[in-house]
Structures are given as C-alpha cells and as structure tokens.
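Chain A is the first sequence line, chain B the second, and so forth, proteins listed ahead of strands; every chain is numbered from 1.
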Amino acid sequence: MFFQNSDNNLLSSLNPEQLAAVTWPPQSALVLAGAGSGKTRVLTTRIAWLMQNGQADVHSILAVTFTNKAAKEMYARLSAMLPHNLRAMWLGTFHSLCHRMLRLHAQDAGLPKTFQILDTADQAALIKRLLKQMDIAEERLHPRVLQGFINAQKESGLRASVLEASDPHTRLLVQCYTEYEDICRREGVVDFAELMLRSYELLEHNGHLRRHYQNRFRHILVDEFQDTNKLQYAWLKLMAGGGASVFAVGDDDQSIYRFRGAHVGNMAELMREFHIDGPIKLEQNYRSVGHILQAANAVIANNEERLGKNLRTEAENGDKIRFLSAYNDLEEARFIAEESRCLQKDGVPLGQIAVLYRSNAQSRIIEQQLFQAGIPYKIYGGLRFYERQEIKHALAYLRLAVNPDDDNALLRVINFPPRGIGARSIENIQAAAAEQGCSLWQAACGMGEKAVKIAAFVRLINTFTEQAPVLSLPDMVREIIDDSGLYRHYQNQKQAAEQERTENLDELHTAAIWFKPEDSPFETLPENAAEQPTFPILAFLSNAALESGENQAAEGQEAVQLMTVHAAKGLEFDAVFLSGMEEGRFPSELSINERGGLQEERRLMYVAITRARKKLYISMAQQRMLHGQIQFGTTSRFVDEIPAELMHYLSPAQSDFARQQHLSASPNRIRQDAYESIENQNFHGYRIGENVRHNKFGTGVIIDALDKGTSAKLTVNFGKQGIKELDTEFAKLEKLN
DNA sequence: TAGCCGATAGTTTTT
DNA sequence: CTATCGGCTA
C-alpha cells in the first residue's frame with residue numbers, strides 16, 4: 001500500500017500528553033484540553049489511530065462536533081490521514097446526525113417523509129402566529145419568552161404532556177407549548193431542538209433501532225464537550241448504552257454557551273457515569289507567548305468549580321499586554337486603526353489581526369475608523385447567507401413545491417412579491433383552514449376561482465409542484481426565482497441595497513448548481529433515492545436550515561477581522577485587540593446579576609485572551625455612546641485580574657491636534673508618539689488605568705497623572721460625576737483592586 | 001392593499 | 001443611535 005500507515009508517522013509529532021490521549025485504550029475518557037493545546041488534532045488522530053489498528057472501522061465510529069465547519073475540517077483531515085472512504089462515517093454536528101437518523105427512520109419517528117426543518121427565525125414566526133391565533137397579547141406573553149420556554153423544555157427532554165403547571169403563567173406556557181407541538185405536527189416541521197428530542201425518543205422507544213445503533217457505534221467521540229446540553233448528553237448516553245467507549249474532548253474554562261443551554265456539569269457527570277478516574281489533561285500550549293498565557297491563567301484562576309488545569313508554554317514571554325484607557329470610544333477606535341496600520345508595517349498580515357468585542361453594537365465605530373484609515377476589514381456576525389430575507393423567500397417557494405402544507409412557507413410568500421393578497425384575504429384563508437381543520441394551502445385551493453388572486457397563486461405553486469420532480473435542482477431554483485416574480489421585484493426597487501438582493505438570488509442558484517447531495521457526507525441518501533425525485537430539493541432545504549452559511553472567519557483574508565468574542569472561539573491570530581473592556585459591558589451588566597453569570601463572563605475573557613498568539617492589546621473607553629447616550633465606564637474588573645507586571649500601560653496623546661501632526665509628519669512613528677508609554681510609572685502609589693474610590697465622587701478610573709515631586713496630580717474619570725483633577729497630597733483615594 | 005411613519009427596544013449564537 | 005415592527009393613512 002502506498003499509504004504510510006505506520007504508527008510512527010501518525011504519532012511521531014505528538015507530545016506525551018497528546019500521545020496518551022490518542023492511544024488511550026478503548027474505554028471512555030475525558031480529555032481536558034486547554035486553549036491551543038492541539039485538541040482537534042488529538043481527536044482526529046485518535047480516530048485515525050483507532051482505524052489503523054483495526055480497533056474501529058468507518059461504520060463503528062460516531063464523531064460529533066459542534067459546528068458544521070468543524071465537521072468538515074475533521075472530515076478533510078481524516079481523508080488526508082487515511083486511505084479509507086469516509087463517506088459512510090457518522091461524523092457531524094448533533095443536529096445533522098439526528099437529522100440523518102430521522103430521515104432514515106422518518107416513519108418510525110412519526111414524521112412525514114418530507115419533513116422540513118425550522119430555523120430560529122422560522123420558529124419565531126410560527127410562535128408569533130400561534131400567539132395571534134390563540135389571541136394572547138404580547139404583553140401577556142412575549143413570543144421570545146415562549147420560544148425560550150419551548151426550547152428549554154425540549155432540551156430538558158420534556159414534552160408538554162408531562163409538564164405540570166402550578167401557577168397561571170406556567171399553565172399558559174404549557175398550553176401554548178401543547179398547541180405549538182400540534183401545529184408542528186400538522187405542518188410537518190421540526191425545530192432544532194425537536195431534531196434532538198425526536199431522535200432521542202426514537203431510540204428510547206424503539207428497542208430494535210436502539211440495539212442496532214448501540215451495537216454499531218463502538219467508539220463515540222465528542223468535540224467541544226463542555227458545550228453539550230442535557231439532552232445531547234442523554235442522547236450520547238443512550239447511544240453508548242451498548243458498551244461503546246465515549247471519548248470526550250473539551251475545556252470547562254471555555255464553556256461560554258450556558259445561555260443557550262450548555263451544561264458544563266456534563267463533564268463531571270460523564271466522569272462519574274462512565275467511571276472515568278480523572279481527565280487526561282492537555283496543558284501544553286502551542287499558541288501564545290508567555291505573557292499572554294500568564295494573563296489568561298491569572299484571570300481564569302479567579303473562577304471556582306474548575307476541573308483544574310494550568311496552561312504552560314515553551315515559548316518566550318514576548319511583548320507585554322498593551323493597555324489603553326481611551327477618553328472615549330472614538331479615541332479607542334482610532335487607536336485600534338492606527339495600531340493596526342503599525343502592525344501591518346511591522347509585517348503582520350492584516351488577516352492576522354483581530355478586533356474582539358463583547359457585543360456586536362461595538363463594532364460600528366471601529367469599522368468607521370478602519371474605513372477612514374483605509375484599512376481593509378471584515379466584520380463577522382449579522383445575517384448569514386441562508387438567513388437573508390430574499391433567500392428565505394426563495395426557499396419558501398421551494399418548500400411549497402415539495403410540501404404545500406407548510407403554512408409557515410405559505411404565509412411568507414403568499415403576498416411576496418406583492419400580488420394583491422392582503423391581510424383580509426389571508427384572514428379568510430386562515431378562517432377556512434381553522435373551520436375545516438386543514439392546512440392553509442388546502443383552504444386556499446378550496447376558495448375556488450372567485451378569489452382571482454388566490455387562484456393565481458395556487459396555480460403558481462401548482463406549476464412548481466409539477467416541475468419539482470422533473471427539473472434538476474438548479475433549474476428548479478432558477479424557475480422559482482424567476483417565475484415567482486422575486487427577481488423582478490428586487491430588480492425594480494429604487495434602493496441599491498434592495499437591488500443587490502438579486503445578486504444573492506443568483507448566488508443561491510449557483511449554490512444549487514454546486515450542491516451534490518450524494519457528495520455530502522453530512523447528508524443522507526435514502527435507499528429509495530431514485531424513487532424520490534424531489535430528494536435533491538429536500539436535501540438542499542435541510543442543508544440550508546442546518547448550515548445557515550459560514551459565518552466564522554476564514555484563513556487568508558487580507559483584512560482586519562472584527563467579531564464578537566463568542567465568534568472568535570476556536571480561532572487564533574497573531575495580534576488581538578480586546579476592546580470595550582469596561583465594567584458593565586464586559587462583564588456584561590446583565591450577566592453580573594445572574595447566578596454563575598460572572599464566571600461565564602470570565603471564561604469568555606479567558607477565551608478572548610487565548611486567541612492571541614503574539615500581541616494582545618486591551619482597551620477601554622471612559623465614555624461611550626450607547627443607545628444615543630453617553631455612558632461612563634470604569635475599567636473592567638477582568639483587566640485588574642491580570643497581574644500588573646504583564647501589562648504595559650499606554651496613555652493617549654493629549655490632543656487630537658498633536659496626533660494629526662505626528663500622523664502627517666511620520667506615519668511610521670505613530671505608535672511611539674501618539675500613545676506614549678507610561679509603563680512602570682508610579683505616581684506616588686497610583687498608576688494610570690487604576691480604579692479608585694473617592695468618598696464624594698464614587699468610583700473612578702485614573703486616566704492621566706502628572707508627577708509634581710512631593711505629590712502627583714491625578715486626572716480621574718468618575719463617570720457621571722465627571723472628570724476631576726485630584727492631588728495625592730490632599731485627596732483621599734481608596735484603591736479598588 | 002401598500003407604503004410610510006412613529007413608537008419601541010436594545011448580550012453573547014449554533015444548530 | 002438605529003433597526004425593526006406594528007399601526008395608520010392614502
């Protein structure tokens with residue numbers, strides 16, 4: 001065989017910790033893998049090693065990742081490492097694997113063959129419709145609350161029928177949940193949580209299937225285990241019930257999705273229930289320089305209930321962490337832009353520079369400054385491809401072509417583009433549907449030719465339905481875009497932004513051309529695919545729902561990368577700007593009051609710090625424009641948790657004018673001149689950036705200082721109390737650290 | 001029915 | 001401040 005299958009090749013470059021994890025005997029294990037410790041590599045190599053040694057084959061492995069991107073990456077890496085055809089391997093996200101199972105056993109799971117997947121927005125739309133139908137005002141029950149309730153219940157494995165309500169509000173929620181389940185059943189749609197729960201129940205109730213899968217999967221491998229929710233853990237337990245080994249990899253310190261149901265406790269639970277003596281720790285970091293790693297370790301050490309690990313590196317200490325307490329958000333953004341330019345001049349590729357922030361709203365001003373400075377940038381976040389309205393509209397037509405009973409899809413496009421079917425007509429259809437207990441589509445069909453506009457719409461959908469089994473997927477998509485009038489509608493709009501939507505519709509057509517259901521390892525090809533001519537459409541739609549378009553940063557972009565800290569998880573950059581480090585923003589005000597919220601924020605901080613390889617900048621704005629108002633902020637407590645000896649404090653130039661002078665005079669020296677370093681400067685026991693309390697002005701931050709010999713004059717920002725100048729000789733200041 | 005205007009709310013996000 | 005949504009008017 002050409003392929004070099006020797007252990008040496010596969011394992012040679014692993015460190016002892018990694019080697020121990022990869023070659024762990026076929027028993028369950030928990031790998032506690034710190035940031036940058038080669039976690040994905042261990043997981044991938046473990047699979048390859050198992051297969052090389054004949055301990056596992058393509059069919060006996062179940063590998064779960066958290067994102068589609070990670071699944072694809074793992075698939076690519078494994079394909080490069082192994083001579084096997086991996087198509088049959090069950091590798092994917094929890095949801096795509098459950099989807100695969102439900103497509104294969106739709107009937108046993110009590111689902112129609114053509115069941116569709118609701119994404120978050122679809123689910124929200126359905127819930128709004130439900131509340132309106134039940135005549136429940138938003139003040140009484142906000143749609144978001146109900147959506148959260150339903151998802152939380154499903155993720156706890158609870159159906160409406162088993163819920164008991166003691167108070168009226170809960171009773172209402174349960175009542176709505178019951179109705180929601182009913183609507184989903186009628187329309188043949190499943191939400192994300194339902195994919196998990198339905199799959200779980202299928203295995204639980206169907207002993208035959210359960211035994212089949214339990215016998216099949218001997219090795220279950222899970223990535224990002226700290227982000228699993230309770231239902232996913234229960235699903236894994238069920239799958240492993242036949243004695244399979246569970247090899248879970250995760251980092252409790254990087255668990256940042258508690259707000260959407262992630263349960264870090266699963267790690268301890270796994271050790272207990274699978275009789276794992278202790279975690280295998282990967283503590284060797286290959287990413288960051290010493291100072292950055294020390295900062296990360298120091299910050300996270302403030303958390304309790306950790307499984308416990310301490311990252312180490314053989315790298316040099318590197319630069320200190322540069323900290324800037326800017327006067328306002330504009331100043332902060334300008335600093336980031338200028339410093340990016342300097343980094344670029346120093347040879348750092350722009351794509352290796354990231355600007356991180358706690359919330360998306362903070363990106364705008366940074367974006368503006370980068371734009372003004374002529375620095376290319378790319379923002380991650382916001383709408384993704386399959387979430388765009390024009391794409392959702394086109395897909396709604398496609399859904400109707402394979403399943404006209406999909407009320408959600410029908411309502412979305414029955415009058416888009418506008419075709420004279422207004423609220424009144426839709427109410428009529430809804431009334432008829434309610435009376436006959438049928439779908440909106442069936443009601444619309446029953447309205448007869450008198451309702452001219454509705455009849456025309458019915459004919460339109462009917463032509464699509466007829467074409468669906470005949471045309472190829474790309475032709476079908478083109479037909480829908482053109483004949484629905486969508487394309488023309490956007491073309492005729494005045495605003496350029498609306499006209500640009502046609503480009504996305506063209507892109508959807510292109511996506512359909514490239515989409516090959518049989519090529520996708522994450523899709524399932526039913527045995528009777530040939531007899532189901534609309535299968536490509538179903539697969540395309542499912543793919544669109546499950547993979548709403550890549551949102552995570554990709555390599556090789558020659559642009560500064562702007563994203564939230566959450567979005568940066570799993571990525572790394574040579575230089576990182578961590579912006580908006582103000583108390584109340586990061587940690588977020590809202591989470592401080594939540595139980596365990598602060599610890600989660602600190603983990604987020606830990607994730608942020610460990611994204612940086614060589615240079616880390618931390619900045620805050622003493623004044624920030626938020627919701628149209630100026631907010632005053634003090635330095636985040638997390639910044640104070642970084643030992644001062646790792647920090648290098650920068651002070652902003654005294655005036656914009658001064659900076660402009662420097663800018664035009666010597667662009668290369670901006671950094672030195674505009675942001676004068678005041679490191680090690682101790683102003684009679686105080687330093688810039690420090691938080692202090694004054695018994696009259698409250699808490700504030702030292703933003704500037706002047707040594708006067710016998711005393712120092714401190715400029716302190718007391719937020720709402722304003723900026724005050726205080727002399728260390730007279731003022732009574734208490735340090736807050 | 002369609003488009004416009006005013007009120008309102010406003011973490012983090014993948015599936 | 002600004003995006004979104006619902007209600008109101010032409």
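Residue pairs meeting the salt bridge (Lys or Arg N to Asp or Glu O under 4.0 Å) criterion with at least one partner in residues 579-595 of chain A, sequence neighbours excluded, are A:Arg258-A:Glu594, A:Glu582-A:Arg624, A:Glu583-A:Arg637. Sorted by first and then second residue, the pairs that involve residues 586-607 of chain A and meet ring pair (Phe, Tyr, Trp, His ring centres under 6.0 Å), not counting sequence neighbours, are A:Phe586-A:Phe638.
At the phosphate of B:dT11, neither OP1 nor OP2 sits under 4.0 Å from any side-chain N or O atom of A:Asn360. In this structure, A:Arg384 reaches the B:dT14 phosphate: one of its side-chain N or O atoms is under 4.0 Å from OP1 or OP2.
For A:Glu305, there are no salt bridge (charged side-chain N to carboxylate O under 4.0 Å, His left out) partners at least two apart in sequence or on another chain. Taking A:Glu204 as the reference, nothing meets the salt bridge (charged side-chain N to carboxylate O under 4.0 Å, His left out) condition, with sequence neighbours excluded. A search for salt bridge (charged side-chain N to carboxylate O under 4.0 Å, His left out) contacts involving A:Arg358 returns A:Glu601, not counting sequence neighbours. With sequence neighbours excluded, the residues that form a side-chain contact (heavy atoms from CB on, under 4.5 Å) with A:Asn504 are A:Phe385, A:Arg388, A:Glu390, A:Ile391, A:Glu507. Checked against side-chain contact (heavy atoms from CB on, under 4.5 Å), A:Ala160 has the following partners two or more places apart in sequence or in another chain: A:Tyr177, A:Thr178, A:Glu181. Scored by the ring pair (Phe, Tyr, Trp, His ring centres under 6.0 Å) test, A:Phe192 finds A:His95 as partners (sequence neighbours excluded).
At the heavy-atom level, A:Arg364 lies under 4.0 Å from the strands shown only through sugar-phosphate atoms. No contact: A:Asp191 has no heavy atom under 4.0 Å from any strand.
For the C1' atoms, the distance linking C:dA3 with B:dT14 amounts to 23 Å, nearest Å. Spacing of P atoms, B:dT13 relative to C:dT4, comes out at 16 Å, to the nearest Å.
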Filtered N/O pairs between nucleotides 1-4 of chain B and protein, under 3.5 Å:
{"unit_1": "B:dT1", "atom_1": "OP1", "unit_2": "A:Gly420", "atom_2": "O", "d": "3.4"}
{"unit_1": "B:dT1", "atom_1": "OP1", "unit_2": "A:Gly422", "atom_2": "N", "d": "2.4"}
{"unit_1": "B:dT1", "atom_1": "OP1", "unit_2": "A:Ser425", "atom_2": "OG", "d": "2.8"}
{"unit_1": "B:dT1", "atom_1": "OP2", "unit_2": "A:Ala423", "atom_2": "N", "d": "3.4"}
{"unit_1": "B:dT1", "atom_1": "OP2", "unit_2": "A:Arg424", "atom_2": "N", "d": "3.2"}
{"unit_1": "B:dA2", "atom_1": "OP1", "unit_2": "A:Gly420", "atom_2": "N", "d": "3.3"}
{"unit_1": "B:dA2", "atom_1": "OP2", "unit_2": "A:Asn415", "atom_2": "ND2", "d": "2.9"}

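Using a 4.0 Å cutoff to heavy atoms of chain A, the contacted part of DNA chain C runs 5' to 3' from C:dC1 to C:dG6.
Of all the residues in residues 130-157 of chain A, A:Arg144 reach under 4.0 Å from DNA chain B with at least one non-hydrogen atom. Within residues 589-611 of chain A, the residues approached by DNA chain B to less than 4.0 Å at the level of any non-hydrogen atom are A:Leu590, A:Ser591, A:Glu594, A:Glu601, in residue-number order.
Listed here is the closest heavy atom pair of A:Arg419 and A:Val413: NH1-O, 2.7 Å.
Ionic pairing of A:Lys39 and A:Asp223 is present here: one or more N-O contacts between side-chain nitrogen and carboxylate oxygen are shorter than 4.0 angstrom.
Between A:His95 and A:His627, the one whose closest nucleotide on DNA chain B sits nearer the 5' end is A:His627.
Both geometric conditions, a ring-centre gap below 5.5 Å and a plane tilt below 30°, are not fulfilled together for A:Tyr257 over the base of B:dT13.
Judged by the 6.0 Å and 45° rule, A:Lys378 forms a cation-pi pair with A:Tyr380. The cationic atom of A:Arg412 (NZ for Lys, CZ for Arg) does not lie both less than 6.0 Å from the six-membered ring centre of A:Tyr397 and within 45° of the ring axis.
The nucleotide whose nearest atom lies closest to any side-chain atom of A:Leu546 is, among B:dT15, B:dT12, B:dT13, B:dT15. The side chain of A:Ser588 lies closest to B:dT11, out of B:dT11, B:dT12, B:dT15.
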Checking A:His566 against A:Phe259 for the ring pair (Phe, Tyr, Trp, His ring centres under 6.0 Å) test, could you report, in this order, the C-alpha distance in whole Å, the side-chain angles of both residues, the deciding distance, and whether it holds? CA-CA 12 Å; A:His566 281 95; A:Phe259 70 92; 5.6 Å; yes
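Residue A:Leu541 contributes atom CG, which lies 18 Å from atom P of B:dT15 at whole-angstrom precision.
At distances below 3.5 Å, not a single donor-acceptor pair connects side-chain atoms of A:Asn68 with backbone N or O atoms of A:Gly92.
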